[in-house]
Amino acid sequence: MSGTTLPAPYTSAVALGEARREVEHLVCGMPGGDPSFDHPWEIRAFAMAVAAHRRLGFDWSAFQGALIASIQDWERADAASESPWSYYEHWVSALEAVLAKAGVLDAADLDVQTKEVLALPANRNHHEAHTEPIAVDPARHP
């Protein structure tokens with residue numbers, strides 16, 4: 001791979017391979033099956049959880065438990081609410097729960113920031129190119 005420029009923060013093909021194996025190890029056996037993304041925000045949610053785990057060092061099994069609890073809550077409430085299924089909405093909910101329990105996320109601050117983001121027009125930066133080179137190798141997942 002000489003001459004190939006790797007995306008930040010990887011300095012070598014070895015570092016990139018190690019990071020991919022770490023992510024595969026974290027997500028193998030997660031409820032919901034292998035990661036697949038229908039929308040760009042889902043990729044971001046996935047990456048945020050992995051990055052938070054790396055940076056903050058929270059117990060990944062706590063995240064898995066919060067994800068399972070969020071899915072179970074939805075299953076119990078689904079008959080009455082008929083809310084649509086979204087794996088990554090549960091993923092975000094689980095991440096919020098784990099970060100709040102760790103004391104690094106304040107629910108009130110999150111609500112304020114969410115309202116600010118939702119108040120912005122959806123096409124506010126439509127003139128900027130957005131590329132997200134994400135690839136998940138289906139051959140590497142059981």
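Rounding to the nearest 0.5 angstrom, the gap separating the OH atom in Tyr87 from the CH2 atom in Trp74 is 13.5 Å. We find the CE-CZ distance between Met48 and Arg44 to be 10.0 Å, quoted to the nearest 0.5 Å. The CH2 atom of Trp85 sits 4.0 Å away from the CD1 atom of Ile71 when rounded to the nearest 0.5 Å. Within the model, atoms CG of Asp73 and OG of Ser93 stand 8.0 Å from one another, a figure rounded to the nearest 0.5 Å. The OG atom of Ser61 lies 12.5 Å from the CG atom of Leu67; values are rounded to the nearest 0.5 Å.
With contacts defined as side-chain heavy-atom distances shorter than 4.5 Å, the pair Ile43/Tyr88 does not qualify.
For Phe63 and His53, the ring centers sit 6.0 Å or farther from each other.
Qualifying side-chain hydrogen bond (donor to acceptor under 3.5 Å, both in side chains) partners for Ser70, counting only residues two or more places apart in sequence or in other chains: His90. In this structure, the side-chain contact (heavy atoms from CB on, under 4.5 Å) partners of Glu89, at least two apart in sequence or on a different chain, are Trp41, Ser86.
One N or O on the side chain of Trp91 and one on the backbone of Ala45 form a donor-acceptor pair closer than 3.5 Å.
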Return all side-chain donor-acceptor pairs below 3.5 angstrom for residues 94-105, not counting sequence neighbours, or 'none' if the list is empty.
none

